[in-house]
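A short worksheet on the structure shown next.
These numbers come from a predicted model, not from an experiment. Here is how names work: the chains are called A, B, and so on, in the same order as the sequence lines, proteins then strands, and each is numbered from 1.
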Number of protein chains: 2
Amino acid sequence: MKIGELAKLTDCSVQTIRYYEKEQLMKSPERSEGNFRLYNKSSLKQLMFIKQCRTLDLTLSEIRQLLELQSSPSIQCNSVNKMIDSHIQQVEQRIKELNSLKEQLNYLSNTCSNNGTIEQCGILQKLTSDVAKNV
Amino acid sequence: MKIGELAKLTDCSVQTIRYYEKEQLMKSPERSEGNFRLYNKSSLKQLMFIKQCRTLDLTLSEIRQLLELQSSPSIQCNSVNKMIDSHIQQVEQRIKELNSLKEQLNYLSNTCSNNGTIEQCGILQKLTSDVAKNV
DNA sequence: GTTGACTCTATAGTTACTATAGACTTTATA
DNA sequence: TATAAAGTCTATAGTAACTATAGAGTCAAC
Ligand SMILES: [Zn+2]
Ligand SMILES: [Zn+2]
Ligand SMILES: [Zn+2]
Ligand SMILES: [Zn+2]
């Protein structure tokens, strides 16, 4: 199949597929006589694996590592574990941050009566006075 | 004060301050005879305001809008409100996403006994079989 | 008068794409 | 068969918000 079909099947953009190839996440496929990329089922699997990893927010570099590991099936897998666990921690950390952010934003939002002028706006006043506090 | 002192006071990097100036978030300060930037208390306030907004994850473009609004104190403030409320929604959305991500990652993590080989690794198997499922 | 710390501008790199431009190939239609 | 449309090719630049570097100039102290 040509790149456009692969793109549709995987819900990736054509450019993204070419990008993954350039970044060595996808093997360079064969080419047709007219120099078009030709993919097969194995390419499809490869790309779906990458996509799956991306939905888990693994970086391209981490995915590259996983792909490398897969090519040495008899070594220990604890590095895979470490990677996933460190991700979980990062995600947890980010959730904490965002929850605190949400609180702050809600607090700010409540200080605005929503029918006054910029000058009277509690949000801007709060943003400015927090500044003063911090200095 | 010179840029290094401002950087220390605000816990920003020198490059970031210059970057904010280039991006028109900070006014271009006066210069010394030797062409060094010279800042005052007002610059300090400005930068702290920006920093405060950044900790709330406002984009530089949004901060620029806020700064512009502040210079017309008598217009309505509802646009400020809209901006903040739309942020809150985005943050909530992201928290949801991350929670679901965390679940998936935890599930993956549990499928690894942590003392086998790559070939036996439940994580990689799961990542690959999820792929198959999606196709 | 020279060392060292600081500053200056301009430029490139980061991440994971996305969006062009300009040329070529293939498919569909008249 | 001619041509138009759709798809593909490479190469390059843009995105956000910085960060890092090179190479040169400034300033204070010893
Ligand atoms: Zn990671
Ligand atoms: Zn308001
Ligand atoms: Zn926003
Ligand atoms: Zn494992």
Side-chain angles (χ1 to χ4, degrees), chain A residues 1-26 28-40 43 46-67 83 86-87 90-91 94 97 101, chain B residues 1-26 28-40 43 46-67 83 86-87 90-91 94 97 101:
Chain A
M1 74 186 103
K2 283 183 284 179
I3 198 167
E5 196 183 340
L6 182 63
K8 252 180 216 157
L9 283 176
T10 55
D11 200 31
C12 279
S13 79
V14 165
Q15 295 105 299
T16 298
I17 298 174
R18 292 200 276 244
Y19 174 70
Y20 287 162
E21 182 184 337
K22 206 180 105 201
E23 292 296 312
Q24 317 234 35
L25 288 158
M26 298 275 291
S28 298
E30 294 179 19
R31 299 291 183 118
S32 72
E33 229 173 286
N35 200 33
F36 286 9
R37 288 171 178 82
L38 295 178
Y39 296 97
N40 53 28
S43 331
Q46 238 181 94
L47 185 49
M48 292 302 289
F49 179 84
I50 296 170
K51 254 215 119 184
Q52 180 69 15
C53 291
R54 288 295 297 138
T55 69
L56 296 173
D57 261 3
L58 295 173
T59 63
L60 297 193
S61 150
E62 286 165 333
I63 298 172
R64 215 179 281 115
Q65 286 169 53
L66 286 181
L67 291 169
M83 186 184 292
S86 116
H87 257 288
Q90 281 171 40
V91 170
R94 187 66 187 144
E97 284 169 17
L101 195 57
Chain B
M1 72 187 103
K2 282 183 287 181
I3 197 166
E5 195 181 343
L6 182 63
K8 249 180 220 158
L9 283 176
T10 55
D11 201 31
C12 279
S13 78
V14 166
Q15 296 105 298
T16 297
I17 297 174
R18 291 199 277 244
Y19 174 69
Y20 287 163
E21 182 184 338
K22 206 179 105 204
E23 293 296 309
Q24 317 236 34
L25 288 158
M26 297 274 294
S28 298
E30 292 180 22
R31 299 290 185 119
S32 73
E33 228 172 287
N35 201 33
F36 286 10
R37 288 171 178 82
L38 296 177
Y39 295 98
N40 52 29
S43 332
Q46 239 179 96
L47 184 50
M48 294 301 291
F49 178 85
I50 295 170
K51 254 214 118 185
Q52 178 70 14
C53 292
R54 288 296 297 138
T55 69
L56 296 173
D57 261 5
L58 295 172
T59 63
L60 297 193
S61 149
E62 288 166 330
I63 297 172
R64 215 178 282 114
Q65 286 169 51
L66 286 180
L67 291 168
M83 184 183 296
S86 116
H87 257 288
Q90 280 171 44
V91 169
R94 187 66 185 142
E97 284 168 16
L101 195 57

task: From the options C:dC8, C:dT26, D:dC27, select the nucleotide whose nearest atom is closest to the side chain of B:Asn35.
output: C:dC8
field: B:Gln46 versus B:Met26, closest heavy-atom pair with distance
entry: OE1-CA, 3.2 Å
message: By nearest atom, which of the nucleotides D:dA17, C:dC17, D:dG7 is closest to the A:Arg54 side chain?
response: C:dC17
task: Have a look at A:Arg37 and say if it touches a base, only the backbone sugar-phosphate, or nothing, with a 4.0 Å heavy-atom cut-off.
output: sugar-phosphate
task: Check every atom of D:dA17, C:dT7, D:dT10 against the side chain of B:Thr59 and return the nucleotide holding the closest atom.
output: D:dA17
- line: Quick note, A:Ser13 side chain, CB onward, closest among C:dT18, C:dC8, D:dT8 is C:dT18
query: Whole Å only: how far is the CG atom of B:Leu58 from the C1' atom of D:dA16?
result: 14 Å
- request: Whole angstrom is fine here: how far is it from CD in A:Glu23 over to C1' in C:dT15?
  value: 9 Å
task: Measure from OH on A:Tyr39 to P on D:dG7 and round the result to the nearest Å.
output: 16 Å
field: Nearest-Å distance for atom pair NZ/C1', residues A:Lys22 and D:dC9
entry: 14 Å
field: Nearest-Å distance for atom pair CG/P, residues B:Asp57 and D:dC18
entry: 10 Å
- prompt: Under 4.0 Å: is that the gap between some side-chain N or O of A:Arg18 and OP1 or OP2 of C:dA16?
  reply: no
- request: Rounded to the nearest angstrom, tell me the gap between atom OH in A:Tyr19 and atom C1' in C:dT14.
  value: 10 Å
field: Distance in angstrom units between B:Gln15 CD and D:dA22 C1', rounded
entry: 13 Å
message: Closest-nucleotide mapping onto DNA chain C: is A:Glu33 or A:Thr16 further toward the 5' terminus? I mean the 5' end.
response: A:Thr16
query: What pair of heavy atoms forms the shortest contact from A:Arg54 to A:Leu60, and how long is it?
result: CD-CD2, 3.6 Å
- request: Please check the phosphate of C:dC17 (OP1 and OP2 only) for any side-chain N or O of A:Tyr20 closer than 4.0 Å.
  value: yes
message: Nearest to the side chain of B:Lys2, heavy atoms from C-beta on, is which of D:dC9, C:dT7, D:dC18?
response: C:dT7
